[in-house]
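Each ligand, and each atom within it, is numbered from 1 in the order the structure gives. Residues take their numbers from the sequence shown, with the count starting at 1.
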Amino acid sequence: MDNVFQSALDALHKAGEKGNINPRVLKLLSRPKRVSDFAVTLKRDNGDFEVYDAYRVAYNDALGPTRDGTRFVPNLSLDEVKALGLFMTIKHAVSGVPAGGGKGGIKVDASKLSDRELESISRSFIRNLKPKGPGVDVPGADIGTGYKTQSWMLDEYEQVTGVHCPQAINDKPAAVGGTVGSAEATGLGIFYITQEAARDHEIELEGAEVVVQGFGQVGATIAGYLDEIGSKVIAVSDISGGIIDRDGLDIPELAKKVEEGALLQDLDGYEKISNDRLLELDCDLLIPAAVQNVINKKNADNIKADLVVEGANGPTTPEADKILKDKGIPVIPDVVANAGGAIVCHYERIQGITDDYWDIEEVEERLKKQITGAYSASYDVSQELDLSMRHSAWVVALRRVSKAVEMRGWV
Ligand code: NAD
């Protein structure tokens, strides 16, 4: 399926059918509640003038204000933003976060902008979006955005409204009202989920052979946590390709080199492996933590891992999902496995509202309880209805959204 929003709707309707969800709720969820489509302008450092397409989708707010990601990428489309808005609705609902799904962005190559230009479009995004505040919609970070952009967005919001309001923007640094632990949240959440799934599928993580595709913020973090408990991370990769050592790679050493800017393919002294072959390695645990659609109908039959935990968003296509299910390989889906960042954004909001800032132990303890709760709820429904974890996670989320929609009298 080419259109990313159509694929998202396909997932919605499949899960809705399997979970016997009220068809009126599915009809309501078949389009976003509100779409903002606007222009962001930029006077370039060299004197040029640019006008960029910008979007913000408030997909559904039955469970709470719409929240999360702002993507600055050159090929952004409104359909992509709508699909991501629906995914965020599901991710928040399955994780028990009282929020709806929001997503937005600017169609721009942020890597080509100077800091002044990036600041200019971040502020312009907020001025032109005219956000109504933390009770309505809260933009967070995503690809191409981060601490810097979120600090500027928060400052712009506060300059325009004249009110200090850290809860108006998510994914900002602790210095301006963010939370500790946000950078590691997604990787740590995947670690907690992996422990649960390994127990249910009788995999001993100590000594387990692990393969991680993508050695960025998410992949390097989860590889580090598994390394710490004695798993053997035998292969990792980045966009340049992968490296393999059947005796186990030195993950802290690799993380240091990558942080210093090294590409894995350029490192001397390691056996190299392509990203394609890496996915097909015989191992206990495979964590795709790079990009979407890497496990697809072409390679799914060659996957030999005993368990797949999705770190990336959408790494497994629907066709591959079916093939893996037939092969008996369990897949822990993205909406549950990588929800740690979304959950910790919720903690960022609570801390901003209360002015009571937590220590890292409190953040981690709450994250563990909340994300393993999402896993257990999905696991129970997968047993109850004999569904894959992906379908059961969506069913858990849709039941929660459905109940709120019905009680509000929307359908
Ligand atoms: P990142 O940019 O820090 O790291 C991405 C890694 O993947 C890098 O090592 C990069 O070289 C590699 N990569 C990029 N394209 C690749 C390709 N075609 N083949 C193989 N490797 C490739 O990004 P991240 O924050 O670690 O995010 C990774 C994935 O996790 C993305 O799918 C993202 O949407 C998802 N995700 C991230 C978060 C978060 O909090 N960062 C939360 C939820 C989901």
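In this structure, the protein non-hydrogen atom closest to atom 26 (O) of ligand 1 is V218 N, 2.8 Å. Ranking protein heavy atoms by distance to atom 9 (O) of ligand 1, first place goes to F215 N, 3.0 Å. Among all protein heavy atoms, the one lying closest to atom 42 (C) of ligand 1 is T186 OG1, 3.3 Å. Closest to atom 10 (C) of ligand 1 among all protein heavy atoms lies I239 N, 3.8 Å. Remark: minimum distance from atom 25 (O) of ligand 1 to any protein heavy atom is reached at Q217 CB, 3.7 Å. Nearest protein heavy-atom neighbour of atom 34 (O) of ligand 1: N313 ND2, 3.1 Å.
Checking atom 23 (O) of ligand 1 against the protein gives no heavy-atom contact under 4.0 Å. Distance check on atom 2 (O) of ligand 1: every protein heavy atom falls at or beyond the 4.0 Å cut-off.
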Hey, mind stepping through I90 and L398 against side chain to side chain contact (heavy atoms under 4.5 Å, CB included) and telling me if it holds? CA-CA 7 Å; I90 299 300; L398 289 173; 3.9 Å; yes

Decide yes or no on salt bridge (charged side-chain N to carboxylate O under 4.0 Å, His left out) for K112 and E117, but give the supporting numbers first. CA-CA 9 Å; K112 301 240 161 66; E117 292 171 332; over 6 Å; no

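A donor-acceptor pair under 3.5 Å links the side-chain atoms of E310 to the main chain of D334, judged by distance alone. Side chain of E50 to main chain of R44: no donor-acceptor pair is present (N/O by atom type, distance under 3.5 Å, no hydrogens or angles). The closest donor-acceptor contact from the side chain of T89 to the backbone of Y59 lies at 3.5 Å or more, if one exists at all.
Proximity of N275 to ligand 1, defined as any heavy-atom pair under 4.0 Å, is confined to the side chain (atoms from C-beta onward). Counting heavy atoms under 4.0 Å from ligand 1, residue D238 touches it through both backbone and side chain. With a 4.0 Å cut-off on non-hydrogen atoms, A289 touches ligand 1 through its backbone and not its side chain.
Residue contacts with ligand 1: G341 is placed with no nitrogen or oxygen under 3.5 Å of a nitrogen or oxygen of the ligand (distance criterion only). Of the N or O atoms in K91, none lie within a sub-3.5 Å distance of an N or O in ligand 1.
The contact set between ligand 1 and G216, taken as ligand atoms under 4.0 Å from a residue heavy atom, comprises 3 (O), 4 (O), 6 (C), 8 (C), 9 (O), 26 (O). Every atom of ligand 1 is numbered from 1 in the order shown, and the set under 4.0 Å from a heavy atom of V291 is 15 (N), 17 (C), 18 (N).
Closest heavy-atom approach to atom 35 (C) of ligand 1 among the candidates S237, S274, G311: G311.
Within the structure, the closest approach of A290 to ligand 1 falls below 4.0 Å when heavy atoms are considered.
Taking the six-membered ring for Trp and thresholds of 30 and 60 degrees, F125 and F72 have ring planes more than 60 degrees apart, a perpendicular arrangement. Aromatic ring pairs are classed by plane angle as parallel below 30°, tilted from 30° to 60° and perpendicular above 60°; the pair Y347 and W358 is tilted.
Of all heavy-atom pairs between L154 and V176, the closest is CD2-O, 3.5 Å. The shortest non-hydrogen separation linking V401 to A93 is CG2-CB, 3.8 Å. Heavy atoms only, all atoms of each residue included: L76 and Y55 are closest at CD2-CD1, 3.8 Å.
A salt bridge does not link E364 to K368: none of the charged side-chain nitrogens sits closer than 4.0 Å to a carboxylate oxygen.
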